[in-house]
Amino acid sequence: MMELNGFYDDDGNKIDPLTIKKPCLCLLCKHDEESDKVENILCNMTRYDQRNEANFECGAFEKAR
């Protein structure tokens, strides 16, 4: 039986969100640890896509108050 929850890399490997490093920019963002599950998935996908980049960029960044 195929499991359909979570998200996967381009090779079909399931990604554990707890293993994705969180850049400092994320800690300053209002979306960090939001209760919106969709937003959390998008944030994790952005972080995962840029995991090997020297500089992290996020178009959804909004400074927390």
Side-chain angles (χ1 to χ4, degrees):
M1 177 175 238
M2 181 184 261
E3 185 178 342
L4 296 176
N5 60 355
F7 67 99
Y8 299 79
D9 66 14
D10 293 338
D11 297 322
N13 301 308
K14 187 168 183 177
I15 299 167
D16 179 359
L18 298 176
T19 64
I20 302 170
K21 292 182 182 179
K22 191 179 285 190
C24 293
L25 184 65
C26 296
L27 300 175
L28 301 172
C29 184
K30 81 173 201 170
H31 300 295
D32 186 42
E33 302 300 329
E34 254 188 26
S35 61
D36 182 349
K37 291 183 186 279
V38 173
E39 190 67 41
N40 282 328
I41 290 170
L42 295 173
C43 289
N44 279 325
M45 290 173 68
T46 300
R47 290 192 288 264
Y48 184 80
D49 284 343
Q50 296 184 52
R51 69 193 178 283
N52 297 323
E53 301 295 324
N55 296 310
F56 178 77
E57 296 180 20
C58 181
F61 175 78
E62 293 182 50
K63 187 173 179 171
R65 293 181 184 175

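Quick note: residue numbers are just sequence positions, from 1. The analysis underlying the following values was restricted to heavy atoms, covering all of them including side chains, and did not include hydrogens, waters or symmetry mates.
- In this structure Asp32 satisfies the salt bridge (Lys or Arg N to Asp or Glu O under 4.0 Å) test together with Lys22, sequence neighbours excluded.
- In this structure, Pro23 and Arg47 approach most closely via the heavy-atom pair CD-CD, 3.3 Å.
- The main-chain N or O of Ala60 is found under 3.5 Å from a side-chain atom of His31 such that the two form a donor-acceptor pair.
- Interatomic distance, OG1 of Thr19 versus CZ of Arg51, reported as 9.5 Å (0.5 Å rounding).
- Under the 4.5 Å side-chain criterion, counting only non-hydrogen atoms from C-beta, Met45 is not in contact with Tyr48.
- Taking the side chain to side chain donor-acceptor pair (under 3.5 Å) definition, one finds that Asp9 meets it with Asn13, sequence neighbours left out.
- Annotation: side chain to side chain contact (heavy atoms under 4.5 Å, CB included) contacts of Glu53 (sequence neighbours excluded): Gln50.
- Residues Phe7 and Pro17 form a side-chain contact, since some pair of their non-hydrogen atoms from C-beta on lies under 4.5 Å apart.
- Here the CG atom belonging to Asn52 is positioned 10.5 Å from the CG atom belonging to Asp49, to the nearest 0.5 angstrom.
- Closest heavy-atom contact between Phe56 and Cys58: CE2-CB, 3.8 Å.
- Remark: Leu28 engages Phe61 in a side chain to side chain contact (heavy atoms under 4.5 Å, CB included) (not counting sequence neighbours).
- Residues passing the side chain to side chain contact (heavy atoms under 4.5 Å, CB included) test with Asn55, sequence neighbours excluded: none.
- Taking all atoms of both residues into account, the shortest heavy-atom contact from Asn44 to Ile20 is O-CD1, 3.8 Å.
- Residues meeting the side chain to side chain contact (heavy atoms under 4.5 Å, CB included) test with Lys30, sequence neighbours left out: Glu34, Glu62, Ala64.
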